[in-house]
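Counting begins at 1 with the first residue of the sequence.
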Amino acid sequence: RQGCKRATPSLQALQLHREPALSESSVTQRTTRLRRRRRRINRIQKKRVKMAANGHATTPGAGWAAPKYEVQVKSERFKFNAAHFVAFPGYRERLHGHNYTCSVRVFGPLSERDGYVLDFGDVKKATRRVCEALNERFLCPCLADALAITRNKKNVEIVCEDASFFSMPEADCAMLPLKHSTAEELAALVWRRVIDELGVEKLLKRGITALEVSVAEAPSQEARYTR
């Protein structure tokens, strides 16, 4: 406009607003940060590609595996006191006993009708019955290859490789279809018996996928069987 003069900024004002020059060290630091960021992004992208190739979802939401449920049942009544000895060719333990304890884990889907995987009460009843049948018994492995086991009237007689001889009332024995009375084989035995007590049809109907049984000889010694 006429009569108006446009203000021209002074050289000093321009110098005040000018960005400060970057030192060589600052440029190096920025470059290093950028390179690290690129490497991190590349690692994430490679991981996502690998996950996708293996059939896994790479982002939350659709494509994630269905939730899995499991329940674990422990009780002071899941126990049995029993005597045993482990024997195999060339070796025999001394006769001794344990205060065995058990626990049960059940894996499967959540029922929409009752919100259970499996009723705790049913698992407790089944496990207690199995333990009661083993309580205060001698655990006799009827399939042992290092023992000669015979029934003589109301007694069970056992002859070992080292000529040791045992005779005890059959009523005091738990005659088990096992090769060895180890915690591992006992866990498998308890697993089978708990399954029988619960009922295979019931477990299949509820979609149970696996059941785990642990048998402990002591607080720091336990064996687990899962199937």
Side-chain angles (χ1 to χ4, degrees), residues 44 46-82 84 86 98-137 139-144 174-227:
I44 293 172
K46 288 180 180 179
K47 185 176 181 180
R48 288 183 175 179
V49 170
K50 184 176 180 180
M51 290 175 66
N54 292 331
H56 298 291
T58 56
T59 55
W64 276 30
K68 296 180 180 179
Y69 291 88
E70 65 178 75
V71 294
Q72 184 170 15
V73 186
K74 298 181 179 180
S75 171
E76 293 181 355
R77 297 180 65 183
F78 292 179
K79 63 180 180 179
F80 57 96
N81 306 321
H84 86 132
V86 173
H98 296 288
N99 298 321
Y100 292 93
T101 58
C102 301
S103 66
V104 178
R105 294 172 70 194
V106 183
F107 303 81
L110 193 69
S111 169
E112 294 184 1
R113 185 178 69 84
D114 56 26
Y116 295 152
V117 172
L118 192 63
D119 192 329
F120 286 145
D122 292 342
V123 179
K124 289 179 179 179
K125 290 177 184 177
T127 309
R128 284 199 299 265
R129 284 195 288 265
V130 173
C131 290
E132 287 169 1
L134 301 172
N135 190 43
E136 297 182 349
R137 299 287 195 278
L139 306 179
C140 185
C142 295
L143 304 180
M175 309 301 287
L176 307 178
L178 303 178
K179 192 173 181 179
H180 312 95
S181 56
T182 58
E184 292 87 345
E185 293 194 32
L186 286 171
L189 174 82
V190 173
W191 180 92
R192 287 193 296 271
R193 292 189 173 184
V194 169
I195 292 287
D196 291 341
E197 290 286 347
L198 290 171
V200 175
E201 292 185 4
K202 178 179 181 178
L203 297 175
L204 291 174
K205 185 177 179 180
R206 293 195 68 93
I208 301 304
T209 57
L211 188 142
E212 178 186 280
V213 166
S214 70
V215 171
E217 296 179 340
S220 59
Q221 296 175 205
E222 74 173 27
R224 298 181 183 182
Y225 182 84
T226 308
R227 186 175 174 184

On a heavy-atom basis, which atom in [X] and which in [Y] lie closest, and how many Å separate them?
X      : Y      : answer
Lys79  : Cys131 : O-CB, 3.5 Å
Phe107 : Val117 : C-CG1, 4.3 Å
Arg128 : Phe78  : CG-CE2, 3.8 Å
Leu110 : Gly115 : CD1-O, 3.0 Å
Pro141 : Leu139 : CD-O, 3.4 Å
Pro109 : Gly207 : CD-O, 3.0 Å

Is any side-chain heavy atom of [X] closer than 4.5 Å to a side-chain heavy atom of [Y]?
X      : Y      : value
Leu189 : Pro177 : yes
Leu176 : Leu134 : yes
Asp122 : Lys202 : yes
Glu70  : Lys68  : no
Tyr100 : Glu217 : yes

His98 vs His84 aromatic rings, parallel, tilted or perpendicular, using cut-offs 30° and 60°?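 The arrangement is tilted - the two ring planes meet at 30° to 60°.
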Are any side-chain N or O atoms of [X] and backbone N or O atoms of [Y], one a donor and one an acceptor, separated by less than 3.5 Å?
X      : Y      : answer
Glu185 : Lys179 : yes
Trp191 : Glu212 : no
Arg137 : Asn135 : yes
Arg227 : Ala188 : no

Distance (rounded to the nearest 0.5 Å) between [X] [atom1] and [Y] [atom2]:
X      : Y      : atom1 : atom2 : value
Thr209 : Leu204 : OG1   : CG    : 11.0 Å
Arg224 : Cys102 : CZ    : SG    : 12.5 Å
Leu186 : Tyr225 : CG    : OH    : 13.5 Å
Asn99  : Asn81  : CG    : CG    : 4.5 Å
Lys125 : Phe120 : NZ    : CZ    : 14.5 Å
Arg113 : Arg206 : CZ    : CZ    : 6.5 Å

According to ring-ring contact (aromatic ring centres under 6.0 Å, His included), who are the partners of His180, at least two apart in sequence or on a separate chain? none
Side chain to side chain contact (heavy atoms under 4.5 Å, CB included) partner of Val123, the single match among Leu211, Leu118, Val194: Leu118
Does Arg129 have more than 12 heavy atoms from other residues, nucleotides or ligands lying within 6.0 Å of its CZ? yes
Quick check on Glu201: does its CD atom have over 12 non-hydrogen neighbours (other residues, nucleotides or ligands) under 6.0 Å away?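 For Glu201, atom CD is not crowded (no more than 12 foreign heavy atoms under 6.0 Å).
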Run the side chain to side chain contact (heavy atoms under 4.5 Å, CB included) test on Leu178 and Leu143 for me, step by step, so that the C-alpha distance in whole Å, both residues' side-chain angles and the decisive distance to 0.1 Å come before the verdict. CA-CA 5 Å; Leu178 303 178; Leu143 304 180; 5.9 Å; no
May I ask you to say whether Asp119 pairs ionically with Lys124, meaning some side-chain N is under 4.0 Å from a carboxylate O?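 Here Asp119 does not pair with Lys124 in a salt bridge, since their nearest N and O are not under 4.0 Å apart.
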